[in-house]
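By convention in this document, chain letters (A, B, ...) are assigned in the order of the sequence lines, proteins followed by strands, and residues within each chain are numbered from 1.
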Number of protein chains: 2
Amino acid sequence: MISQTEENYLKALYNLTYLKGEATVNEISKRLDIKMPTVNSMMKKLSEKGFVHYESYKPLKLTEEGKKEAALIIRKHRLTEMYLVEKMDFAWDEVHQIAEQIEHIHSPEFFTKMDQLLGYPTVDPHGSPIPDHNGVMRSENYIFLDTCEIGDVVTLMAVQPSSKELLQYLNTKNLELGTTLTIHSIEPFDRSITVSYGNRPAEVLSSKVTATLLVRPIS
Amino acid sequence: MISQTEENYLKALYNLTYLKGEATVNEISKRLDIKMPTVNSMMKKLSEKGFVHYESYKPLKLTEEGKKEAALIIRKHRLTEMYLVEKMDFAWDEVHQIAEQIEHIHSPEFFTKMDQLLGYPTVDPHGSPIPDHNGVMRSENYIFLDTCEIGDVVTLMAVQPSSKELLQYLNTKNLELGTTLTIHSIEPFDRSITVSYGNRPAEVLSSKVTATLLVRPIS
DNA sequence: ATATTTTGTTAGTACAATCTAACTTGTTAG
DNA sequence: CTAACAAGTTAGATTGTACTAACAAAATAT
């Protein structure tokens with residue numbers, strides 16, 4: 001059995017790693033507002049249970065099983081948010097706290113029923129994708145930046161695969177998750193793309209970079 | 001703050017005492033399937049917190065505050081059951097396990113919304129009354145047996161006030177909570193009532209007894 | 001390249017909620 | 001009325017999840 005507390009750690013790790021495939025003890029500590037030693041020992045425990053790859057002083061990763069567990073919790077969270085908005089008439093900004101609690105309910109029938117009553121939605125009220133009942137996130141909404149066209153306006157959602165070097169490169173360009181990009185031109189020769197975002201001059205991104213950036217078109 | 005565990009003890013105590021005003025450590029132990037020493041120390045803790053009257057070797061009682069807390073949890077449970085049946089199309093026998101979990105959700109708005117969507121119901125799908133938002137159980141459905149009429153068919157719901165002697169008397173008559181009674185005659189002189197129930201000859205109950213028995217008419 | 005800071009780990013403590021074993025009090029049957 | 005049994009209590013151990021203090025490793029800045 002997996003406790004509510006453990007579920008919260010898995011979820012935090014999933015969300016933190018969604019971007020770059022790994023996360024640190026420190027990041028989890030900050031996100032959950034729990035001190036680092038507590039996080040550290042919980043990570044060892046989750047490693048024992050087969051949900052996390054743990055090695056001393058190395059960044060943390062979820063195992064495939066850990067990813068699935070986490071995705072299923074996120075599924076419950078997002079289905080709940082959708083249900084609260086669609087069927088109970090809550091505003092989109094009121095539902096998070098309630099969903100944080102209901103996501104821990106153990107009852108497959110309950111969430112299956114919600115899913116059914118909602119007509120099997122694929123995104124929650126905030127546009128985030130809802131994983132399916134096998135924990136697979138159908139990120140249909142996310143596409144690689146190198147598949148976009150001139151004039152598209154997109155939001156940076158994830159980086160896959162990622163490397164330290166790539167993330168450092170993105171930092172120097174002030175490119176972070178959630179940044180909204182406008183595509184100005186695409187160079188036919190090397191497929192490099194010129195984008196603008198924030199209050200800064202346009203930037204040119206090579207195809208090596210654009211092939212790793214997952215974005216969501218603003219539509 | 002009151003933990004989920006504490007809530008379960010309060011609810012158990014409320015249900016056990018509803019009938020006779022008090023309950024024993026042993027009864028709670030059996031109902032929750034938790035060993036007596038654990039129950040004992042939890043009762044002391046709840047006493048510290050002002051929810052329970054605890055005295056060594058004496059039966060347990062809820063304080064007014066304890067009753068209110070418990071009733072509010074039961075309110076959440078019964079509202080949830082009603083919601084699951086009415087709005088989510090669950091069968092009446094599928095909802096208990098889910099409600100056991102949802103009753104612990106902390107979100108006044110969530111339950112207020114349920115109440116509203118259900119049109120402010122006063123009983124749950126099993127006919128049990130739903131306490132109001134102040135924790136007051138409007139037991140309008142329960143009436144004293146001495147106010148019934150010939151031909152009425154009723155279910156014994158509670159005994160108030162109760163005494164050891166009265167309960168022993170009821171035991172000798174095989175009268176227990178949930179027993180369905182049919183009223184055959186009422187003696188005008190002393191208002192004693194003749195009833196039948198189960199596979200046994202009719203019994204005569206004195207007005208002293210009938211004035212303490214709370215019943216729900218079967219309608 | 002080394003000193004400083006940040007991050008990660010270990011060790012030991014605390015508290016909530018559970019247990020078992022042993023003892024005490026209360027109840028009940030001869 | 002007392003012996004036996006049931007119920008209640010105390011003491012001490014265990015597990016899960018948190019903490020602080022102290023130390024170790026890694027990253028960073030001068």
Side-chain angles (χ1 to χ4, degrees), chain A residues 1-13 16-17 20 22-61 69 73 100-101 104 106 163-169 171-172, chain B residues 1-13 16-17 20 22-61 73 100-101 104 106 163-165 167-169 171-172:
Chain A
M1 191 78 302
I2 172 162
S3 75
Q4 216 159 296
T5 306
E6 290 168 335
E7 289 189 345
N8 284 331
Y9 282 90
L10 286 179
K11 194 169 56 122
L13 192 47
L16 286 167
T17 56
K20 46 188 197 302
E22 52 187 46
T24 65
V25 171
N26 195 249
E27 287 165 348
I28 299 175
S29 172
K30 281 172 185 155
R31 163 170 296 229
L32 297 180
D33 195 22
I34 285 173
K35 294 290 180 294
M36 283 176 52
T38 308
V39 174
N40 188 268
S41 53
M42 182 58 84
M43 288 306 115
K44 286 179 172 176
K45 186 180 170 191
L46 290 174
S47 168
E48 294 285 302
K49 291 194 172 189
F51 296 124
V52 169
H53 291 297
Y54 174 88
E55 280 181 276
S56 270
Y57 297 105
K58 296 258 179 72
L60 301 157
K61 295 178 190 187
E69 280 299 328
I73 299 159
E100 283 286 306
Q101 299 179 66
H104 300 296
H106 292 296
S163 63
K164 191 174 170 180
E165 293 71 32
L166 175 59
L167 293 173
Q168 282 175 345
Y169 169 78
N171 278 340
T172 66
Chain B
M1 189 78 302
I2 173 162
S3 75
Q4 214 158 298
T5 306
E6 288 167 337
E7 288 189 344
N8 283 332
Y9 282 89
L10 285 179
K11 194 168 55 122
L13 193 46
L16 286 168
T17 55
K20 45 188 198 302
E22 51 186 47
T24 66
V25 171
N26 195 248
E27 286 165 349
I28 300 175
S29 171
K30 280 172 185 154
R31 164 170 297 227
L32 297 180
D33 195 22
I34 286 172
K35 294 291 180 294
M36 283 178 52
T38 308
V39 174
N40 188 269
S41 54
M42 182 57 85
M43 289 304 115
K44 286 179 172 176
K45 185 180 172 191
L46 290 174
S47 169
E48 294 284 304
K49 292 195 172 188
F51 296 124
V52 169
H53 290 297
Y54 174 86
E55 280 180 276
S56 270
Y57 296 107
K58 295 257 179 74
L60 300 156
K61 295 178 190 186
I73 299 159
E100 283 286 306
Q101 298 179 68
H104 300 296
H106 293 295
S163 64
K164 191 175 169 180
E165 292 72 32
L167 293 173
Q168 282 174 347
Y169 170 77
N171 278 340
T172 67

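- Considering only the side chain of A/I34, D/dC19 comes nearest among C/dT9, D/dC19, C/dT24.
- Between the C1' atom of C/dC19 and the CG atom of B/L32 lies a distance of 15 Å, rounded to the nearest Å.
- Between the CG atom of A/N26 and the C1' atom of C/dT5 there is a distance of 12 Å, given to the nearest Å.
- Within the 4.0 Å cut-off from OP1 or OP2 of C/dT18, at least one side-chain nitrogen or oxygen of B/Y9 is found.
- In this structure, A/Q4 and B/K44 both approach DNA chain D, and ranking their closest nucleotides by distance from the 5' end singles out B/K44.
- Following rounding to the nearest Å, B/M1 (CE) and C/dA16 (C1') show an atom-to-atom distance of 15 Å.
- Comparing atom distances between the B/P37 side chain and each of C/dA21, C/dT18, D/dA18 picks out C/dA21 as nearest.
- Rounding to whole angstrom units, CG of residue A/N40 and P of C/dG12 are separated by 16 Å.
- Side-chain proximity of B/Y57 to the nucleotides C/dG8, D/dA18, D/dG8 is greatest for D/dG8.
- As judged by a 4.0 angstrom heavy-atom cut-off over every strand, B/T24 is placed among residues touching the sugar-phosphate backbone only.
- The interatomic distance linking B/E27 (CD) with D/dA7 (C1') rounds to 11 Å, in whole Å.
- Contact check on A/K61 versus A/E55 returns no salt bridge, with no Lys/Arg side-chain nitrogen under 4.0 Å from an Asp/Glu carboxylate oxygen.
- Few gaps surround NZ on B/K49; more than 12 heavy atoms of other groups in view lie less than 6.0 Å from it.
- Pairing partner, D/dA26: C/dT5, with both Watson-Crick or wobble hydrogen-bond distances short of 3.5 Å.
- Across all strands, A/S3 comes closer than 4.0 Å only to sugar-phosphate atoms, never to a base (heavy-atom distances).
- The NZ atom of B/K49 sits 14 Å away from the P atom of C/dC15 (whole-angstrom rounding).
- In this structure, CZ in B/F51 is found 7.5 Å from CD in B/E6, a value given to the nearest 0.5 Å.
- Within 4.0 Å of A/T38, counting heavy atoms only, lies at least one base atom of the nucleic acid.
- One atom, CD of B/E7, and another, P of C/dA16, lie 16 Å apart when rounded to the nearest Å.
- One can place CD1 of A/I2 at 14 Å from C1' of D/dG16, the figure rounded to the nearest angstrom.
- Using a 4.0 Å heavy-atom distance criterion, B/S29 is classed as making no nucleic acid contact.
- For B/M36, whose side chain is taken as the heavy atoms from C-beta onward, the closest listed nucleotide among D/dA7, D/dT10, C/dG8 is D/dA7.
- Closest to the side chain of A/K35, from the set D/dA11, C/dG8, D/dT20, is D/dT20.
- Nearest heavy atom pair, residue B/T17 against residue B/L60, reads CG2-O, 4.2 Å.
- Across all strands shown, A/K58 has no heavy atoms under 4.0 Å from either base or sugar-phosphate atoms.
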Mind running side-chain hydrogen bond (donor to acceptor under 3.5 Å, both in side chains) on A/H106 and B/Q101 for me, showing each step along the way? CA-CA 8 Å; A/H106 292 296; B/Q101 298 179 68; 5.5 Å; no
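- Scanning all heavy atoms of the two residues, the minimum distance from A/P59 to A/E22 falls at CG-OE2, 3.4 Å.
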